[in-house]
Amino acid sequence: MLVDSHCHLDFPDFDGELDDVVCRAHKAGIGHMLTICTRVTKFDAVRVIAEKYDNVFCTVGVHPHNAEDEPEVTAEHLIRLAEHPKVVGFGETGLDFHYGYSAEDAQINSLRTHVEAARQTGLPLILHTREADEMMGDILEEEFEKGSFVPLLHCYTGGARLAQRGLDLGGFVSVSGILSFKSAREVREVIADVPMDRLILETDCPYLAPVPMRGRRNEPSYLIHVAEALASLKSIPLDDVLKTTTDNAMRLFSRIPN
């Protein structure tokens, strides 16, 4: 069994095909999928998908691109939505200064709100970081001093320093199809030093289809190719990667029933 820890099944890319996508994932050995919320105002659509399929779970949160559009979201609001039994984490939240779709202060405020929700509930915090490594590390360490929470550095493409800072807080790192890209040498160098007991897998579909599926719309059934890339990088048997990353995901997302 594999766990796709990050997919976006509510995106229009899957309209009219979701039953087939979930069926293909099951046949490919995907035991559980986490469909990730990017706007609280669209949480209902995410929740409905999780309710429809036994092996699909979800999160609640606001992507940093959308932080300026949803400034009224509070930790209490997030916690209330997370009472649903299919919600297993908060996010994705974080900092993305590459595109600048939301102002820096709006992203920071939103991130801190999600941290508070994670701190109060013990649910993991799914973090998106782009061109913001130092600030992200500073905020996580500052917030951790107020009370612990578990960060997940999702679809990791950052530097070694942020990865280590997240690990030092007891966090996890997830890898996507980027690991298989010929151009991702620096990502592979960082992931090579992350302990296997802190790594989990994701597709981030419909984006980032792994080799040999590059150029196609990504989907959970392609997760095995991410696992193969990780096995190659770590020079360990594929079966070991499958078992360890699944165990890690189930430990991190403890609300998912065994």
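Owing to the predicted nature of the structure, the values given are computational and were not obtained by experimental measurement.
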Task: ILVMFWY cluster, Leu223 and Leu152 together (side-chain gap under 4.5 Å) - done: no

Open item on the list: Just by distance, no angles: are the side chains of His8 and Asp13 close enough, under 3.5 Å, to form a donor-acceptor pair?
Closed with: no

- [ ] Check whether the side chains of Asn109 and Arg112 place a donor and an acceptor atom closer than 3.5 Å, and report yes or no.
- [x] no

Open item on the list: If you define the side chain from C-beta out and look only at heavy atoms, does anything of Glu145 sit under 4.5 Å from Glu141?
Closed with: no

Task: Modelled atom types, side-chain donor and acceptor of Thr59 and Glu92, under 3.5 Å - done: no

TODO: Specify the closest pair of heavy atoms between Leu238 and Ala231, including all atoms of both residues, with the distance to one decimal.
DONE: CA-CB, 3.9 Å

Task: Over 12 foreign heavy atoms within 6.0 Å of CG, Asp44 - done: yes

Open item on the list: For Glu76, is there an ion pair with Arg80 - N to carboxylate O distance below 4.0 angstrom?
Closed with: no

Open item on the list: Would you say CD of Glu186 has more than 12 non-hydrogen atoms from neighbouring residues, nucleotides or ligands within 6.0 angstrom?
Closed with: no

Open item on the list: Quick check: closest heavy atoms across Ala163 and Val190, and the distance to 0.1 Å?
Closed with: CB-CG1, 4.0 Å

TODO: Determine, using the 4.5 Å side-chain heavy-atom cutoff (strictly less than), whether Leu169 and Leu199 are members of one ILVMFWY cluster.
DONE: yes

- [ ] Could you tell me whether Asp239 and Lys243 have a side-chain N and a carboxylate O separated by less than 4.0 Å?
- [x] no

Which pairs would a plain distance check flag for residues 21-31, meaning a side-chain donor or acceptor within less than 3.5 Å of a matching protein atom at least two apart in sequence or in another chain?
unit_1, atom_1, unit_2, atom_2, d
Arg24, NE, Glu219, OE2, 2.8
Arg24, NH2, Glu219, OE1, 3.0

Task: CA sep, side-chain torsions, deciding dist, call: Arg39, Asp69, salt bridge (Lys or Arg N to Asp or Glu O under 4.0 Å) - done: CA-CA 9 Å; Arg39 291 180 180 268; Asp69 298 333; 3.5 Å; yes

Task: Polar contact flag, side-chain donor to acceptor under 3.5 angstrom, Glu202-Ser176 - done: no

- [ ] For the pair Ile126 and Phe253, evaluate side-chain contact (heavy atoms from CB on, under 4.5 Å) and give the outcome as yes or no after the intermediate values.
- [x] CA-CA 11 Å; Ile126 299 167; Phe253 297 103; 4.2 Å; yes

TODO: Report yes if the side chains of Phe144 and Arg119 come closer than 4.5 Å at any heavy-atom pair, otherwise no.
DONE: no

- [ ] Report yes if the side chains of Phe149 and Leu123 come closer than 4.5 Å at any heavy-atom pair, otherwise no.
- [x] no

TODO: Report yes or no: do Leu252 and Ile191 belong to one cluster of Ile/Leu/Val/Met/Phe/Trp/Tyr joined by side chain heavy-atom distances under 4.5 Å?
DONE: no

Task: The single option from Arg130, Glu131, Met135, Glu104 passing side chain to side chain contact (heavy atoms under 4.5 Å, CB included) against Leu95 - done: Met135

- [ ] Describe, in one word, how the ring planes of His65 and Tyr101 are oriented to each other, choosing from parallel (under 30°), tilted (30 to 60°) and perpendicular (over 60°).
- [x] perpendicular

TODO: Check whether any side-chain heavy atom of Glu134 sits under 4.5 Å from a side-chain heavy atom of Arg165, and report yes or no.
DONE: yes

TODO: For the pair Asp10 and Lys42, find out whether any cationic side-chain nitrogen is under 4.0 Å from an anionic carboxylate oxygen.
DONE: no

- [ ] Flag the pair Asn248 / Arg198 as yes when at least one side-chain heavy-atom distance between them is below 4.5 Å, and no otherwise.
- [x] no

Open item on the list: By the definition side chain to side chain contact (heavy atoms under 4.5 Å, CB included), identify the one residue from Val3, Asp4, Leu2, Asn55 that meets it with Pro220.
Closed with: Asp4

TODO: Report yes or no: do Val56 and Leu34 belong to one cluster of Ile/Leu/Val/Met/Phe/Trp/Tyr joined by side chain heavy-atom distances under 4.5 Å?
DONE: no

Open item on the list: Is there a side-chain hydrogen bond (donor to acceptor under 3.5 Å, both in side chains) between Glu51 and His84? Walk through the geometry before answering.
Closed with: CA-CA 10 Å; Glu51 290 174 341; His84 191 286; 2.7 Å; yes

- [ ] Would you mind reporting whether Tyr156 and Ser174 have side-chain heavy atoms less than 4.5 Å apart?
- [x] no

- [ ] Tell me whether the guanidinium CZ or amine NZ of Arg214 lies under 6.0 angstrom from the six-membered ring centre of Phe181 and within 45° of its axis.
- [x] yes

Task: Arg216 side chain to Ala209 backbone, donor-acceptor under 3.5 Å - done: no

Task: Heavy-atom side-chain contact between Phe57 and Pro257 under 4.5 Å - done: yes

Open item on the list: Using side-chain heavy atoms (C-beta onward) and a distance below 4.5 Å, is Met250 in contact with His32?
Closed with: yes

Task: For the student: nearest non-hydrogen atoms of Ser180 and Val211, plus distance - done: OG-N, 2.9 Å

